[in-house]
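A short worksheet on the structure shown next.
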Amino acid sequence: MSSDPEKEPIEKKSEEQKSSEDKPAAAKPTPKPAATKPAAKKEEPELPAFEKGLADKITEKFGEKTTVSYVKPDRIGIKVGKDDLHDVAEFARDVLNYDHVESVAGVDYPSDKEIEVVYHLSSYTDPTLSRQVLELATRAQREEDPIPGNDATKLKSLRDVFYSVEFHEREVFEMLGVYFEGHPDNRRLLLPEDWADLPPLRKDFRIKGR
Amino acid sequence: MVNELSEFVLVSVALLGIGIYGLAVKRNFIRMLFAVEIVINAANLNMVAFGRFLPHSGGQTLALFSIAIAAAEVAVGLALIIVAYRMYHNIDIADFRSLKG
Amino acid sequence: MEQWRLLYNNQGGEIFGSYLYKSKLQLGGTNLIKDLVTPQNANVFVGKLGDILEKAIDKPLGYAINWGRIWSLWPVHIETACCSVEFGAASSPRYDVERFGIIEAFGSLRQCDLVVVQGTITRKMAPRLRLVYDQMPEPKYVIAMGACAITGGLYFDSYNVLPGIDGVLPVDVYVPGCPPRPETLIQGCMLLQEKIKRMKARKFV
Amino acid sequence: MVGELAGSYSTVVLMFGFAVAAMAPALLISRMVYPRKRSNPVKFLPMECGQVPSGEGRTHFMMQYYAYILMFVIFDVVAIFLYAWGSTILYLPKEATLPIIGFLAIIFGAMAFALQQSGRRNIW
Amino acid sequence: MSSPTLPPGLAIQKADERIMTLNVGPQHPGSGHMRIVVQIDGDQIVACDPDPGYVHRGEEKMAEYRNYTLNVPHLERPVIHDSCNILYPYVLASEELLGLEIPERAKYIRVIASELNRCIYIQYWLAIYGIFLGHSTMFMWPAGDRELLIDLMEKMTGARVTHSYFIPGGIRNDLPANFEDVCLRQVNYFEKRIKEYADVFYENPILISRTANTGVLTRENAIRLGTTGSVLRASGIDYDVRKKEPYDVYDELDFETPVLKDGDSYARSRIPWLDMMESCRIIRDALQKMPKSGSVRVKLKPNPKGELGSVYKRIESGRGALGCYIVSDKKPEPYRVKLSVPSFRNLIAMPHLLIGEKLGNMPSIYWSLNYWPVEADR
Amino acid sequence: MGTATGIIKALNSGIKHIALKRFTLRYPEEKLKFVGDGYQFDPSTGVGIAGLKGRHMLFHDHCTGCQLCSIACEGVAEAIGMVKVPEEWKQNKKSIMPQIDYGKCVFCGLCVDACPFYALYMTNDYELSSFSKEGLIYTPAQLAVKPSLDQDVEIQISSRGATHG
Amino acid sequence: MSIIAPKFKLSEFIKSILDNIFWILLILTLIGLPAIQFILFYIEMPVINGELLTPFLALTWLADPSRSIPIIKAFMTTDLFRIAAFPGFGFAALIAAGTIFVERKMLAKLQLRVGPFYCGKVEGILQLMGDGLKLISKEIIIPAKADKPLFWAAPVLFVATAAAFVALIPVAPGWVVADIDVGLLAVFAVIGFFPVITILSAWSANSKFPFIGGIRALYQMVSFEIPLILSLLGVVILTGTLNLSEIAASQSSFPWIIFLPVGAIVFFITMLAELERIPFDLPEAESEIVAGWLTEFSGMMYGLVQLGTYLKLYAFAALFVVLFLGGWNGPMLWPPFPEEIITEGIELGPVTAQFPGLPILTQEMINGTLWFVLKTVGVIFFILLPRGVFPRIRVDLLLDLGWKKLIGLAFVNIFIALGLLYAGILGPGGIF
Amino acid sequence: MADAVFLALSVITIGSAIAALELRSLVYGSIALMGTLGGVAGFFLLLDSPFVAMFQVAVYIGSIAVLILFTVMLVKRELIFKKIEDKRRKFAGIGLMLVLMVGLGAVVLDSGIKEITTDEPPVDFREIGTDFLTYYWPALILMALILSGAVTGALVLARRVDEENGQRVK
Ligand code: SF4
Ligand code: SF4
Ligand code: SF4
């Protein structure tokens with residue numbers, strides 16, 4: 001499987017390179033008959049200041065425990081260790097004013113033997129944050145033969161920090177087998193009651209014919 | 001047959017007898033209520049019959065009053081049954097002895 | 001008293017029957033009833049009568065009843081997936097399936113005679129669909145609406161979708177499309193009417 | 001003669017009987033005509049939205065509104081009582097309205113109390 | 001289902017004999033494609049457990065096996081009557097991953113299509129809302145007027161609802177000849193029609209008495225539960241992605257986003273109606289500002305590969321903010337596609353709103369949450 | 001009194017609508033008119049031409065049997081299978097052409113986009129219902145038939161409401 | 001084992017007889033009737049008016065109007081005719097059927113669509129017949145846990161009660177099935193049966209949704225019965241009678257709705273509620289409780305309940321007409337029957353026919369019926385219209401409406417009537 | 001004719017009265033009770049008092065029977081049949097009934113009311129109203145008091161008083 005994770009802690013420099021690579025790639029295939037809008041925002045290579053400030057606040061507070069995976073216009077990606085997730089989330093809520101979770105996505109990385117759970121945080125109350133989405137990623141241990149709920153694939157639930165994760169976490173539990181400790185309602189949500197196979201979004205669950 | 005008062009009175013007596021029997025034998029509160037209704041109806045029948053045969057409007061008037069009071073009695077009686085049911089989940093008259101302490 | 005009780009308990013019938021059967025009605029030395037009322041004779045007789053009756057009653061009555069069934073198809077209100085949007089559109093003022101006597105949004109399944117399987121049947125839904133179908137009164141018809149209901153369609157490789165509903169319900173008409181246009185659905189309903197017309201209403205005799 | 005008037009009421013009963021006699025055959029014919037297949041025990045389960053039914057079928061009583069039934073029994077009597085008065089008022093002197101005013105006043109009092117009680121949904 | 005901070009409703013743990021468990025759905029005229037297990041005490045709902053998943057089709061898994069273009073048809077299926085909008089974040093995100101810049105005319109056409117689709121969605125929603133309230137006319141009128149716009153979409157894209165119109169790199173085909181005139185004509189008539197709904201629906205005293213002050217979602221709870229779209233805006237929070245984080249050309253168009261304060265079912269049902277009028281405005285504006293000619297699609301290489309990384313894009317759909325999160329690993333197929341759908345985000349509010357309400361309010365509250373089960377299940 | 005006026009307004013609105021024209025398209029008698037002859041695609045510009053996405057139409061004289069349509073459809077619904085055709089064309093050495101199973105097809109038109117030889121288009125034909133699954137499978141010969149359609153009704157808007165006519 | 005009756009079981013036997021009774025009857029008629037005629041041919045016929053009554057003569061009687069019309073007339077005065085045909089069941093069922101059809105078409109028109117169209121070639125007029133035939137050939141499912149006798153009886157009783165209600169309605173002067181002194185009270189007595197039947201049928205189905213629907217129906221009917229009763233008291237106060245025919249006759253100069261509009265409105269609203277029509281169709285609210293107390297009814301049972309509902313609708317509309325809109329009163333529209341035909345007869349080709357018994361249907365009666373039907377149709381229109389423009393109301397709102405607002409209004413109406421009476425505007429000293 | 005009606009009515013009335021008390025199922029018992037009440041209403045009709053008859057039907061079947069049915073369904077638990085009536089009591093009851101019926105019947109037949117017949121026209125129902133408002137008006141007021149008392153009492157009795165901590169009392 002491909003190695004997105006290895007390069008995950010992208011430093012700012014590589015981020016710059018990446019965005020500078022971005023442009024030619026974007027420009028090349030366009031045949032240019034249409035008058036493309038002068039995308040002024042995307043021209044400057046330096047990082048957007050506001051987003052960087054936010055990311056810095058988190059790194060200041062938690063130091064080594066978190067890594068900033070990327071900072072793009074309106075988007076910040078933070079990687080957190082499994083144990084600090086709760087604290088970071090509380091920090092994001094109380095200090096940074098993020099007030100709800102938009103989505104909780106689980107991504108399976110069998111090559112790393114890990115499952116990543118990504119929380120996308122956003123804010124309704126703080127007008128300065130209305131464009132922002134903070135991506136909190138954390139990783140749980142993955143087992144080859146999962147017994148959902150009864151193996152090491154466990155994380156601490158964020159339900160008491162952000163109530164809105166309730167159903168999302170239920171979904172991640174059944175789709176990837178990540179058990180959320182502290183979640184009151186780790187029940188089946190979408191799949192049939194008699195589902196006995198692997199959690200379907202794991203990469204080793206193959207759908208037929210593929 | 002219809003022209004004789006005694007026939008109506010006999011039917012009324014029969015109803016009264018059945019009602020008394022029900023009151024005496026049945027231990028279920030609702031059944032007893034049925035029996036009471038039957039007795040009241042026997043009385044009403046008598047009243048209306050006499051009112052018809054000795055032409056007088058009083059018979060019908062009293063029957064009306066009687067029916068109205070029966071309605072009131074049923075309302076209260078059934079409310080009582082509901083209370084008893086809530087308290088004891090049981091409508092056996094025998095168990096109401098326990099109320100006495 | 002004893003005999004009567006015998007008559008009506010389980011073996012009573014036998015006694016009663018054989019009493020008739022062995023009765024003393026004799027004519028010219030032969031047991032008339034015994035000879036005439038043999039199972040074969042009875043069958044022949046009933047068969048003849050049946051032929052006559054079928055001509056006289058079955059055809060016209062069957063025609064009338066089928067005619068009623070054709071013009072009064074009430075679909076059961078079971079939405080299984082996104083095709084229900086177009087099913088709704090089919091009863092909208094633009095396509096108005098009530099012209100054909102099809103009333104949508106009908107309350108209880110006990111009064112319905114048509115299951116329009118509106119799209120994807122997932123594994124979770126399949127038993128419920130079957131239960132709904134089972135609980136409907138006879139006669140009942142099934143229209144498979146949309147690619148998903150016919151073969152699984154887009155979701156031919158999905159882990160939670162049945163490859164078509166043939167295994168679950170006996171389908172009468174297939175309406176392809178994703179979702180089918182309401183016109184196609186109406187055409188499907190007309191095909192179903194065609195089919196009902198050709199069906200035997202019921203053998204009455 | 002006793003029982004003369006009853007004749008005109010018999011037609012109501014006859015109408016009732018006629019409707020029964022006319023409609024019961026519809027059910028009977030239906031019973032003869034409808035197709036019978038090998039029946040499936042599932043079919044005769046109570047209908048519950050495509051779910052196998054569970055629990056008791058007769059437990060819903062909406063006790064929040066029970067008061068209204070109790071009130072109905074009483075006020076039905078009252079309402080029909082008023083007809084005895086309403087149908088004779090043309091033949092009565094005006095003073096005869098006074099008792100009914102008193103009657104209504106008392107009933108209004110009871111009704112106000114009853115409505116107030118039945119409005120308190122949480123005590124039922 | 002109860003929580004410490006929410007109003008607990010009638011928290012009854014022990015099974016009382018007055019309590020009846022009712023399955024609402026999956027075959028129920030008032031449930032849609034899901035099941036809600038409610039427990040009622042007389043007329044009051046004391047517990048509620050939504051059970052979605054009857055249309056769970058594994059879209060996210062399937063998306064991992066198809067390339068960026070071929071993902072288009074099945075990713076729009078969750079909300080076929082809002083199919084442009086559900087494709088929108090996916091298309092935006094994959095364009096960022098593939099590094100494409102799409103032509104200006106395509107952007108305008110996308111906005112027009114997406115607004116038309118929003119109206120189509122809301123009209124269908126309104127139609128079902130009418131049915132849920134026992135108002136058959138309010139099913140028929142929106143369902144009929146919706147066809148005016150469906151007719152437009154059909155002229156534009158060739159399909160009634162499943163358009164497969166947006167594609168990474170632009171749109172599939174240009175507008176047909178004299179589309180602008182027809183569009184203006186029908187949108188104007190449409191706007192006239194939806195104003196007719198006021199008398200029989202939105203200002204109908206029976207409807208108001210039935211929906212006002214029921215299922216009140218307070219501002220705090222709306223934020224805390226992370227609801228979105230009309231549910232959020234009905235609770236007094238002005239948040240619309242079109243305004244807050246304009247994508248494509250929304251920043252050049254002139255429109256407003258309606259907000260109401262009450263947070264009850266009535267407000268939640270009124271917001272979409274107001275939205276539709278704004279949509280008509282946007283469409284007219286966009287038709288005017290649109291470049292009259294030009295390319296509409298960037299030609300792609302076969303099997304384009306996305307670059308390494310992840311993208312999260314969101315747009316405002318008919319139901320609320322719709323996010324798409326794509327992880328790519330330099331393969332023609334995305335590594336992971338996650339749709340963060342508004343229906344699923346609003347579902348969480350259902351138990352909280354239903355508990356303590358009357359049974360008769362269940363359909364109206366349920367449907368006023370702007371919940372489309374197929375989308376939530378994906 | 002607000003209630004009373006509201007109720008009267010609603011009744012009035014209802015009665016007003018009785019006078020409006022009906023919107024219904026009487027389908028089996030009238031059929032909608034569409035833009036063009038169906039969805040088509042121009043590989044040279046890479047942009048489609050608007051039209052209804054109905055049943056496909058295959059031009060046997062253009063099809064090369066290159067299977068690109070089939071490959072495209074594999075990612076969508078696996079509706080296209082390549083079958084041998086009895087006829088012989090010089091551009092089609094293998095004599096294989098697409099056969100479409102409308103029980104699977106979702107009318108997305110991506111196969112049309114994929115065909116580089118102007119051989120596969122879509123038409124305005126949508127009346128495809130059938131009694132059996134086999135009836136939904138269209139062979140190349142069937143696909144070559146141009147449907148004969150009389151579709152001529154459009155939405156008209158007048159002062160008394162929208163109609164089809 | 002016996003051949004004739006293997007495993008004889010009485011219940012099975014009776015069931016099979018029941019199943020085949022139709023065919024037995026048919027064979028009897030096909031074979032029996034000719035046989036009877038055959039026998040009749042041989043036996044001596046009675047002598048009437050000095051003529052031997054042969055079958056041929058009987059036929060000529062049928063053809064001769066002067067002879068057959070008195071017979072028809074005599075037949076028309078019998079109770080049977082009244083019950084089965086004209087003011088009774090047949091007439092009401094006809095209007096009920098018309099109502100169903102008109103409802104569907106009108107609702108469709110209001111919703112800008114066509115409605116039933118293809119069934120029966122012309123505008124779908126045979127739609128109802130199609131539905132009826134379908135329903136009659138549909139399986140009837142009795143839930144396993146149901147209380148079977150009650151479940152079977154409920155639909156029939158429902159129709160029968162509605163029919164008994166119809167029997168009380170005077171259609172034209174003298175044309176009423178049951179002319180009762182206390183007709184209005186009898187109406188209340190009959191209405192009182194509906195809640196009982198509803199709750200019994202709901203209980204007998206032993207299923208959740210019917211029971212919820214039944215309880216709702218009970219509450220609803222019960223709550224609206226009191227405003228219903230009270231709202232009619234005004235009319236009774238002013239007319240001093242409980243006889244519906246007299247009430248209708250008392251409105252020859254003006255209908256009561258002019259003086260008692262409040263009562264009329266209250267009665268109209270309660271009528272909608274008693275009929276379980278939108279906006280008060282809570283017992284059948286399909287989005288909440290599937291189909292309410294009708295949920296478990298299938299096939300013809302459902303058809304019967306629908307028939308009963310529409311009979312009830314007709315009866316209520318007619319009651320409204322009788323009480324508030326003047327019943328059959330209206331200007332003479334129908335021309336009188338030509339005098340000459342009665343006295344001189346009419347030339348039919350070579351025959352001159354005399355009509356001694358004519359006219360069967362008097363001018364008043366036809367005119368009255370005409371007005372009555374016109375008014376009833378008008379009222380039915382207004383009963384149907386809310387279905388198009390109102391959503392369903394909620395239980396608690398409904399009960400509040402019934403118990404607080406409507407009862408209050410009904411008392412207001414009573415006091416208006418009293419005031420009118422004591423002010424001398426109406427009543428013995430007034431203009432009436 | 002009227003005699004036959006009378007006989008049929010007596011059979012219905014007495015039969016359903018017995019059924020009301022003896023049928024196992026309480027719901028059917030209530031239906032039988034409705035039969036009794038309807039039969040008595042029929043007797044009232046035979047006795048030319050239609051007002052009372054209709055009042056009887058409207059009140060007894062229209063409302064009291066509804067209330068009884070509702071309550072019967074509400075408390076329909078098996079507990080109702082927990083206690084089986086003992087045989088001795090039952091026979092004693094039957095004996096008492098027979099004694100009562102025979103005794104009273106004998107008294108009635110003996111007392112000479114057998115001769116009472118009448119040919120006079122029946123009392124018009126309007127006289128009831130007149131009675132109410134003139135001679136019996138104190139009774140009317142008393143009636144109002146009783147009815148108000150009944151509704152108040154029934155409501156107070158039947159309501160479910162909440163305990164302080166919000167727990168429900170069964
Ligand atoms: S056929 Fe298409 S529209 Fe219908 S359910 Fe399947 S995916 Fe949805
Ligand atoms: S339209 Fe789509 S589904 Fe149909 S054959 Fe072409 S690619 Fe396959
Ligand atoms: S139709 Fe087009 S893509 Fe398909 S095989 Fe023929 S030439 Fe190739």
Side-chain angles (χ1 to χ4, degrees), chain D residues 5 8-20 22-24 26-36 41 43-49 53 55 57-62 64-65 68-69 71-72 75-76 79-80 82-83 86-91 94 97 104 111 115 118-119 121, chain G residues 18-19 22 79 83-84 88-89 136-145 152 156 159-161 163-164 166-168 177-180 185-186 188 203 206-209 211-212 215 219 222-223 225-226 229-230 233 236-237 240-242 290 295-296 299-301 304 399 403-404 421-422 427-428:
Chain D
L5 282 179
S8 56
Y9 293 85
S10 65
T11 40
V12 179
V13 181
L14 280 180
M15 184 92 182
F16 190 90
F18 175 81
V20 171
M23 287 304 124
L27 283 184
L28 216 64
I29 291 176
S30 173
R31 220 188 108 74
M32 287 183 301
V33 166
Y34 70 67
R36 251 154 294 186
K43 182 183 269 181
F44 301 102
L45 289 178
M47 180 257 167
E48 205 178 317
C49 301
R58 298 165 177 161
T59 52
H60 175 95
F61 284 93
M62 302 218 286
Q64 284 98 347
Y65 308 125
Y68 289 126
I69 284 202
M71 284 159 69
F72 165 67
F75 293 115
D76 199 28
I80 301 186
L82 290 179
Y83 271 75
S87 57
T88 41
I89 188 166
L90 285 180
Y91 315 103
K94 285 191 182 165
T97 317
L104 281 182
M111 195 173 224
L115 284 178
S118 58
R121 295 277 143 72
Chain G
L18 275 185
D19 284 354
F22 182 70
D79 274 350
I83 287 170
F89 198 80
I136 215 167
S137 68
K138 198 98 178 115
E139 186 182 1
I140 294 175
I141 295 178
I142 314 288
K145 285 196 277 172
W152 277 102
V156 178
V159 179
T161 313
V166 168
L168 301 168
V177 177
D179 196 11
I180 303 180
L185 271 190
F188 302 147
W203 182 82
N206 199 355
S207 169
K208 286 177 189 170
F209 292 109
F211 198 64
I212 302 178
I215 294 284
Y219 278 122
V222 147
S223 299
E225 220 167 289
I226 292 172
I229 293 173
L230 288 176
L233 188 56
V236 174
I237 286 177
T241 174
L242 289 174
V290 189
T295 303
E296 293 286 357
M300 202 54 208
M301 287 188 163
L304 284 188
L399 294 177
W403 278 100
K404 306 220 171 102
L421 193 68
Y422 284 149

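Just so it is clear: chains get the letters A, B, ... in the order the sequence lines come, proteins before strands, and each one is counted from 1. Because the structure is a prediction, the values reported are computed rather than measured. Because only heavy atoms are used, hydrogens play no part in the values below, and waters and symmetry mates are left out as well, while side chains stay in.
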Check your understanding: Considering only heavy atoms, which portion of Met71(D) lies under 4.5 Å from any heavy atom of chain G: side chain, backbone, both, or neither?
Key -> both

Study note, to complete from the structure: The interface call for Phe18(D) against chain G, heavy-atom contacts under 4.5 Å, is side chain

**Study point:** Leu242(G) portion near chain D, given a 4.5 angstrom heavy-atom threshold
**Key:** side chain

Practice item. Indicate the atoms forming the closest heavy-atom contact of Ala163(G) with Met15(D), along with that distance. Key: O-CG, 3.3 Å

Review point. What residue, out of Phe188(G), Tyr219(G), Phe89(G), has the most heavy-atom pairs lying under 4.5 Å from chain D?
Key: Tyr219(G)

Check your understanding: How long is the span from the CE atom in Met300(G) to the CE atom in Met23(D), to the nearest 0.5 Å?
Key -> 7.0 Å

Review point. Using a cut-off of under 4.5 Å for heavy-atom pairs, which of Leu304(G), Val236(G), Leu233(G) has the most such pairs with chain D?
Key: Leu233(G)

Review point. Can you say whether Thr88(D) sits under 4.5 Å from chain G via the side chain, the backbone, both, or neither, judging by heavy atoms?
Key: neither

Point to revise | Val177(G) side chain reached by Leu168(G) side chain, heavy atoms, under 4.5 Å | key: no

Study note, to complete from the structure: Highest number of heavy-atom pairs under 4.5 Å with chain G among Leu14(D), Val12(D), Leu27(D) belongs to Leu27(D)

Exercise for review: Write down the atom of Pro143(G), the atom of Glu296(G), and the distance for their closest heavy-atom approach.
Suggested key: CG-OE1, 3.4 Å

Practice item. Identify which part of Thr295(G) has an atom lying under 4.5 Å from any heavy atom of chain D, answering side chain, backbone, both or neither. Key: side chain

Review point. Any idea which of Leu28(D), Ile69(D), Val13(D) has the most non-hydrogen atom pairs under 4.5 angstrom with chain G?
Key: Ile69(D)

Exercise for review: Please answer whether the main-chain N or O of Asp179(G) pairs with a side-chain N or O of Tyr9(D) as donor and acceptor at a distance below 3.5 Å.
Suggested key: no

Check your understanding: Can you say whether the rings of Tyr68(D) and Trp403(G) are parallel (under 30°), tilted (30 to 60°) or perpendicular (over 60°)?
Key -> parallel

Point to revise | Distance, nearest 0.5 Å, that separates CD1 of Ile237(G) from CG of Leu421(G) | key: 7.5 Å

**Study point:** side chain to side chain contact (heavy atoms under 4.5 Å, CB included) assessment of Met301(G) paired with Trp152(G)
**Key:** CA-CA 8 Å; Met301(G) 287 188 163; Trp152(G) 277 102; 3.6 Å; yes

Check your understanding: Is it the backbone or the side chain of Ile142(G) that comes under 4.5 Å from a heavy atom of chain D, or both, or neither?
Key -> backbone

Check your understanding: Most heavy-atom pairs under 4.5 angstrom with chain D, which of Val156(G), Thr241(G), Val222(G), Ile180(G)?
Key -> Val222(G)

